[in-house]
Amino acid sequence: MNYPASKLPEVGTTIFTVMSQMAAEHNAINLAQGFPDFNGPQLLLDAVGEHVAKGANQYAPMPGILPLREQIADKVQKLYGRAVCPNKEVTVTSGATEAIYAAITAVVSAGDEVVILDPAFDCYDPAIILNGGKAVHLQLQAPEFKLDWQALAAVISDKTRLIIFNSPHNPTGSVMSEDDIRALNKLVAGTDILLIGDDVYEHIIFDGAEHLSFVKYDELYKRSFVISSFGKTYHVTGWKIGYCVAPEYLTAEFRKVHQFMNFCTASPLQYALADIMQKQPQHYLELPAFYQKKRDLFNQLMKNSRFTGVPAAGSYFQIMDYSQISDLDDMAFCEYLTKEVGVAAIPISVFCEQPLNTRLVRFCFAKSDETLAQACEKLVKL
Ligand code: GLN
């Protein structure tokens, strides 16, 4: 028989899977894929068992259990000052990746253009292509990876349906400022352009900076899907649970897709998360200090190395320049690091459409202090 042509001919296995596998095969310390090597809060872990024992083992409601949607709405009100309706504006999803796919699918049709900012997280582009859209890539420039608003305005056209933002940004660790928000307001006012705010690192932001969620701003929120991740916030990335906050019309369209992708998300996990949000609301407020210590430890330990980098403003990733160490391209360098040095990292070029002239890799510092010390001991020898 003749198989159909691939719908994603350019796509291979994600870099996260490739590098984690390589790290496991070569027994390397995995600072590549972004996940903590420590557990989530005990209360959360215990609560899952309790809810399983109590019988929370059947389908959850399609948009998520109400107590969790209420907790999310409560958090949005407290942190970002907007009263969102748990019934009409909040949907629990099986991870932020599902939410991003559902949001793109809900609004992108054949011929629509979607602007994404490179280096861009790898799930945006395929979701746009599978929906018949065209991804318009705009390159952010190292070392600061600040957005050039004039360059963005220049790629906007009457075909632009959506722009995807991610702050704090993976992989670069950059963060949107008040000036960025003002520029975005100006850019979209009076247009029909929609936005995705990929906010999965909203609580991992440093040096006293505040996360500027699109939920805060009327002009932005009315056109936004704001997406977050419990996996990042509660150190449980393997649970694959996140959520999307969007105005009523967009939420209704979002749910039409979500209900046929996943229908609903695992019940006991939702009850456990509702419990911890209610009982330990301080958890996410403590995350900036918790991760800032790890960022600082990692950068301190790397001071004695020939890697250079500006400390990340947010996220749990640190970009480092290795040009003093090697002329290899970043994929080859990551392979060498994993196989010969025993530390896995992520190359940056895989997140970019254009070839990069930089020598940059991403390290994940969401690791125990011992893991970071062991990894840096190897890296400083290079
Ligand atoms: N978000 C994580 C990272 O950037 C990994 C996600 C994934 O493996 N798909 O490393």
Lys232 and Ile204: which non-hydrogen atoms are nearest, and at how many Å? O-CD1, 4.3 Å

Is there a donor-acceptor contact under 3.5 Å from the side chain of Ser305 to the main chain of Met302? yes

Could you go through the salt bridge (Lys or Arg N to Asp or Glu O under 4.0 Å) check for Asp296 and Lys293 one step at a time? CA-CA 5 Å; Asp296 291 346; Lys293 260 172 85 176; over 6 Å; no

Does the plane of the ring in Phe333 sit parallel, tilted or perpendicular to the ring in Tyr336? Use 30° and 60° as the thresholds. tilted

So, applying ring-ring contact (aromatic ring centres under 6.0 Å, His included) with Phe317, which one of Phe145, Phe365, Phe206, Tyr201 is it? Tyr201

Is the backbone N or O of Leu360 less than 3.5 Å from a side-chain atom of Thr358, with the two atoms forming a donor-acceptor pair by type? no

Measuring from Glu340:CD to Leu382:CG, what's the distance to the nearest 0.5 Å? 11.0 Å

Quick one: CG on Asp199 to OG on Ser213, what's the gap to the nearest 0.5 Å? 4.5 Å

Would you say the ring centers of Phe214 and Phe225 fall short of 6.0 Å from each other? no

Judged by modelled atom types alone, do Asp125 and His137 share a side-chain donor-acceptor pair under 3.5 Å? yes

Does the gap between the ring centers of Tyr316 and Tyr291 come in under 6.0 Å? yes

Hey, mind stepping through Arg295 and Asp207 against salt bridge (Lys or Arg N to Asp or Glu O under 4.0 Å) and telling me if it holds? CA-CA 11 Å; Arg295 175 199 69 174; Asp207 307 313; 2.9 Å; yes

How many angstroms lie between atom CD of Glu253 and atom NE2 of His258, to the nearest 0.5 angstrom? 14.5 Å

Is the distance between the ring centroids of Tyr243 and Phe230 under 6.0 Å? yes

Give a yes or no on whether a salt bridge exists between Lys75 and Glu202, defined as a side-chain N under 4.0 angstrom from a carboxylate O. yes

Going by atom types alone, do Trp149 and Asp179 pair a side-chain donor with an acceptor below 3.5 Å? no

In terms of side-chain geometry, is the basic nitrogen of Lys54 or Glu50 positioned less than 4.0 Å from the acidic oxygen of its partner? no

From CG (Leu147) to CG (Leu184), nearest 0.5 Å: 9.0 Å

Can you tell me how the ring of Phe298 sits relative to the ring of Phe363, calling it parallel under 30°, perpendicular over 60° and tilted otherwise? tilted

Can you label the angle between the Phe351 ring and the Phe16 ring as parallel, tilted or perpendicular, going by 30° and 60°? tilted

Within 45° of the axis and under 6.0 Å from the centre of the six-membered ring of Phe35, does NZ or CZ of Lys367 qualify? yes

Looking only at heavy atoms, which two atoms of Val52 and Pro268 are closest? And how far apart? CG2-CB, 3.7 Å

For the pair His235 and Phe38, name the ring-plane relationship: parallel under 30°, tilted 30 to 60°, perpendicular over 60°. perpendicular

Test Tyr221 against every option in Glu89, Lys216, Arg82 by the side chain to side chain donor-acceptor pair (under 3.5 Å) rule and name the one that passes. Glu89

Correct closest heavy-atom pair for Ala344 and Ala23 would be CB-CB, 3.8 Å

Is it true that Thr93 and Asn262 share a donor-acceptor pair across their side chains at a distance under 3.5 Å? no

